[in-house]
Chemist: 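Here's a structure for you.
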Protein chains: 2
Amino acid sequence: MTKMDDVAKLANVSTATVSRVLSKNPNVSLKTQRRVLEAVDILGYKPNRLASNFRKRSSKTVVVVLPDITNSFFSKIVQGLEEVAQSRGYHVLLGDTRNNVESERNFIDLVNQKFVDGMILATARLPKEEILAVSQEIPIVLACEYFDGFDIPTVTIDNVSAAREATQHLVNLGHRRIGFISGPLSIVLGRDRLKGYRQAMLINELPVEESLIQEGDFTVQAGYNAMMKLMASNHPPSAIFAASDEMAIGAMKAARNKGLNVPEDVSIIGFDDIPAGTYVHPELTTIRQPAFEIGTQAMNLLLDMIKGCAKERKQLVLPHQVVLRETTTSPRG
Amino acid sequence: MTKMDDVAKLANVSTATVSRVLSKNPNVSLKTQRRVLEAVDILGYKPNRLASNFRKRSSKTVVVVLPDITNSFFSKIVQGLEEVAQSRGYHVLLGDTRNNVESERNFIDLVNQKFVDGMILATARLPKEEILAVSQEIPIVLACEYFDGFDIPTVTIDNVSAAREATQHLVNLGHRRIGFISGPLSIVLGRDRLKGYRQAMLINELPVEESLIQEGDFTVQAGYNAMMKLMASNHPPSAIFAASDEMAIGAMKAARNKGLNVPEDVSIIGFDDIPAGTYVHPELTTIRQPAFEIGTQAMNLLLDMIKGCAKERKQLVLPHQVVLRETTTSPRG
DNA sequence: CTGAAAGCGCTTACAG
DNA sequence: CTGAAAGCGCTTACAG
């Protein structure tokens with residue numbers, strides 16, 4: 001392996017100068033620069049990143065911890081993260097926990113080991129105290145998740161309002177019995193969407209029957225099961241708000257299996273706006289979360305913190321949007 | 001920051017011993033071990049990974065280069081990769097090129113810089129000579145892609161046979177005019193699937209009309225467009241083989257828009273077996289690629305090479321499988 | 001079983 | 001604009 005010494009020797013300069021040229025330090029004469037670059041070229045020299053990382057105490061790498069990379073909502077966030085990471089000269093280490101808390105802890109440990117310069121958490125199953133503790137030491141930003149009452153930098157949408165608007169959309173169409181397929185109530189964002197649903201029902205003076213609320217885990221299968229229960233009621237809802245598009249798609253399958261037409265017999269609105277929402281027929285009405293932008297903003301926030309040029313600990317709330325497609329309409333009769 | 005010296009001092013041993021204890025070297029007395037561990041605990045010491053990486057000339061990190069992480073086929077491969085990486089103590093650096101060749105080159109450069117110990121390429125837009133060159137120096141395995149006539153370690157399926165079987169399935173149902181929505185012919189795996197289609201047609205003495213073949217880029221939109229052209233013919237095919245599930249889903253949308261029922265009016269078979277194939281109605285018949293297993297095998301192969309315990313340069317061919325669902329049936333009349 | 005010492009390959013004050 | 005020298009925080013032969 002050729003190293004910097006070899007280059008220095010060939011170019012007749014010190015390693016300090018070689019280092020300066022390669023790091024584009026302007027205080028080197030053009031003549032010397034050329035000489036060094038030529039030597040680099042002749043020897044096919046590549047600086048050793050491991051040495052440089054060590055010396056500079058930075059790997060220019062950031063770990064992103066998420067529950068499931070095959071979930072298209074998260075993979076879109078990751079694409080946003082990666083885009084700005086690349087453009088700002090950083091790398092992203094993948095932390096797919098597959099919903100495993102122990103795995104989450106392992107990834108968080110990478111920042112304690114100084115292996116990465118910062119961390120983006122798109123999942124947070126760990127107790128908030130634990131996360132708060134590391135966040136005092138090291139740049140962390142939460143994407144989608146957040147902790148009430150703490151000032152950890154965060155990029156989210158307003159889940160309560162978004163869920164309220166989804167429900168209101170159904171109310172505006174004339175629905176009065178509206179079922180809610182909830183996300184896991186163990187995580188804030190699941191609770192927030194339920195809160196939004198309740199608010200809308202309350203505002204419109206519609207009774208919230210607990211039998212109209214079914215908890216799922218955001219998957220198609222969970223949506224299917226929840227919908228089956230909802231339809232088994234002797235007074236089934238005429239419209240469904242599902243807290244994720246995948247669950248909404250599961251609900252559509254269940255409705256079809258029961259011989260119901262969407263939206264004529266039952267309206268369905270989802271949440272997220274994943275691509276699959278347009279693969280199905282009819283196309284899914286939903287609440288759009290700007291996943292890619294959540295990624296870009298979170299990464300920009302994090303890198304600003306790492307460079308120390310972040311003004312304060314920001315909490316960004318990005319706009320959501322109702323996307324009208326084909327699965328909602330006015331109720332029969 | 002507490003460092004190893006502090007621990008050594010507190011435990012009254014040398015840093016060599018601290019290092020041995022932490023790296024679980026067995027040649028340390030139990031008493032000493034306890035003493036060191038206690039000191040580590042008191043000081044809350046974490047070894048600096050950047051220093052350790054540098055010293056050991058290894059980051060225990062592998063970069064995975066792929067065209068698009070939001071594509072569920074690739075994200076499933078990545079999940080497989082990550083699973084074995086985690087279990088074998090490695091990390092994966094994400095290299096989403098978004099189909100950009102320059103980006104691909106940048107990631108490949110990380111191995112030249114010794115930033116990563118190896119690389120998995122699930123895309124290979126770069127000239128094969130370039131990739132072959134790095135593969136001489138450093139552990140690389142190709143996942144899905146391969147280069148004819150070179151011995152770069154590879155994990156793929158037999159795309160030619162898989163495509164032939166897909167086509168044969170349609171022939172067996174009685175179809176004689178079979179359209180093919182091809183992947184990009186600029187990449188081997190696109191060409192291989194076309195080859196399989198042609199073989200099946202030939203074997204069954206069916207004429208291959210060039211108008212029956214439309215090239216797409218694996219996306220839903222491309223499938224939609226290709227299907228529109230196919231249906232515009234004055235003698236349209238009664239069955240379609242699409243080289244990716246996304247294109248098959250696009251073809252289904254196009255058929256519906258034209259008022260055709262799948263499979264009664266036109267049969268469709270896809271390729272990949274992504275989850276979305278079961279979201280749509282009717283559910284998509286397809287060729288299953290074992291994406292997760294491609295990932296696990298590729299990572300195992302790579303890590304074996306890195307540890308130097310790989311016997312030879314292997315080319316693994318994993319089994320595919322026809323998955324019968326609802327989008328294919330016998331032609332009318 | 002343990003320690004003293006060298007050294008991994010860079011970068012960075014410091015001095016000139 | 002350039003170089004000599006120190007040193008980042010570990011690990012690893014080597015010697016005992």
Side-chain angles (χ1 to χ4, degrees), chain A residues 1-40 43-61 89 109-117 138, chain B residues 1-40 43-61 89 109-117 138:
Chain A
M1 215 41 232
T2 98
K3 49 182 83 161
M4 198 172 268
D5 283 299
D6 306 325
V7 178
K9 220 157 283 170
L10 183 60
N12 237 291
V13 295
S14 71
T15 58
T17 298
V18 176
S19 178
R20 286 190 193 102
V21 171
L22 293 177
S23 62
K24 300 194 168 40
N25 181 324
N27 298 328
V28 183
S29 76
L30 274 165
K31 231 194 302 187
T32 312
Q33 277 184 44
R34 258 195 295 274
R35 204 139 36 89
V36 170
L37 259 13
E38 199 189 353
V40 164
L43 298 173
Y45 169 71
K46 291 278 179 188
N48 181 317
R49 258 301 273 279
L50 259 23
S52 150
N53 285 349
F54 167 54
R55 185 51 237 251
K56 300 206 280 198
R57 297 166 167 62
S58 157
S59 60
K60 289 226 172 198
T61 302
D109 208 40
L110 293 181
V111 319
N112 292 322
Q113 299 167 197
K114 302 276 176 291
F115 189 32
V116 293
D117 300 350
I138 287 145
Chain B
M1 215 41 232
T2 97
K3 51 182 81 161
M4 196 172 270
D5 283 299
D6 306 325
V7 178
K9 219 159 284 170
L10 183 60
N12 238 292
V13 294
S14 71
T15 58
T17 299
V18 177
S19 179
R20 286 190 192 101
V21 172
L22 292 178
S23 62
K24 301 194 168 39
N25 181 323
N27 298 330
V28 184
S29 76
L30 274 164
K31 231 196 303 187
T32 313
Q33 276 184 45
R34 258 195 295 275
R35 204 139 36 89
V36 169
L37 258 12
E38 199 188 354
V40 165
L43 297 173
Y45 170 70
K46 292 277 178 188
N48 181 318
R49 258 302 273 279
L50 260 23
S52 150
N53 285 350
F54 167 53
R55 184 50 236 252
K56 300 208 279 198
R57 295 166 169 64
S58 158
S59 60
K60 289 227 172 198
T61 302
D109 208 41
L110 292 181
V111 319
N112 293 322
Q113 299 167 195
K114 303 273 177 292
F115 189 31
V116 293
D117 300 349
I138 287 144

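In what follows, chains are A, B, ... by sequence order, proteins preceding strands, each numbered from 1.
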Chemist: Base, sugar-phosphate, or nothing: which does A/T32 touch, judged by heavy atoms less than 4.0 Å apart?
Modeler: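 Here A/T32 touches the backbone only, sparing every base.
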Chemist: Can you tell me which nucleotide in D/dC10, C/dG3, C/dT11 comes closest to the side chain of B/M4?
Modeler: D/dC10
Chemist: Counting side-chain heavy atoms from C-beta on, which of D/dT2, D/dC14, D/dA6 comes nearest to A/S29?
Modeler: D/dT2
Chemist: Where the side chain of A/R55 is defined as all heavy atoms beyond and including C-beta, which of D/dG3, C/dC10, C/dG3 is the nearest nucleotide?
Modeler: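 Of the candidates, C/dC10 comes closest.
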Chemist: Measure from the side-chain heavy atoms of A/S19 and tell me the nearest of C/dT11, C/dG9, C/dT2.
Modeler: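 Minimum distance to the A/S19 side chain belongs to C/dT11.
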Chemist: Which base, if any, makes a Watson-Crick or G-U wobble pair with D/dC14, both distances under 3.5 Å?
Modeler: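 D/dC14 is paired, partner C/dG3.
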Chemist: Within the 4.0 Å heavy-atom criterion, would you say B/N27 contacts the bases, only the backbone, or no part of the nucleic acid?
Modeler: base
Chemist: With respect to the side chain of A/A16, which nucleotide from D/dA4, C/dG7, C/dT11 is positioned closest?
Modeler: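 Per side-chain heavy atoms of A/A16, the pick is D/dA4.
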Chemist: From C-beta outward on B/T15, which listed nucleotide comes closest to its side chain: C/dG3, D/dC8, D/dT11?
Modeler: D/dT11
Chemist: Looking at the side chain of B/N48, which of D/dT11, D/dG9, C/dT11 is the nearest nucleotide?
Modeler: D/dG9
Chemist: For a side chain to side chain contact (heavy atoms under 4.5 Å, CB included) check, start with the C-alpha distance between B/K46 and A/K114, then their side-chain angles and the critical distance, and finish with the verdict.
Modeler: CA-CA 9 Å; B/K46 292 277 178 188; A/K114 302 276 176 291; over 6 Å; no
Chemist: Heavy atoms from C-beta onward define the side chain here; which of D/dT12, D/dA5, C/dG9 lies closest to that of A/A51?
Modeler: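 Within the option list, the nearest is C/dG9.
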Chemist: Which distance, rounded to the nearest 0.5 Å, do you find between the CZ of A/R34 and the CG of A/L37?
Modeler: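 Going from the CZ atom of A/R34 to the CG atom of A/L37 covers 9.5 Å.
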Chemist: Would you say B/S58 and B/D117 are linked by a side-chain donor-acceptor pair, where the criterion is simply a distance under 3.5 Å?
Modeler: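 A donor-acceptor contact under 3.5 Å links the two side chains.
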Chemist: Taking the side chain of B/K3 as heavy atoms from C-beta outward, which of C/dT11, D/dC10, D/dG3 is closest to it?
Modeler: D/dC10
Chemist: Less than 5.5 Å between centroids and less than 30° between ring planes, does A/F54 satisfy that with D/dC8?
Modeler: yes
Chemist: I need the NZ-P distance between A/K24 and D/dC1, as an integer number of Å.
Modeler: 17 Å
Chemist: Would you indicate what A/R57 reaches in the nucleic acid, counting non-hydrogen atoms under 4.0 angstrom: base, sugar-phosphate, or nothing?
Modeler: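 Counting heavy atoms under 4.0 Å across all strands, the contact made by A/R57 is with sugar-phosphate only.
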Chemist: When the distance from CE of B/M1 to P of D/dC10 is rounded to whole Å, what number comes out?
Modeler: 8 Å
Chemist: Quick one: is C/dC10 close enough that its OP1 or OP2 comes under 4.0 Å of any side-chain N or O from A/Y45?
Modeler: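 Answer is yes, contact under 4.0 Å.
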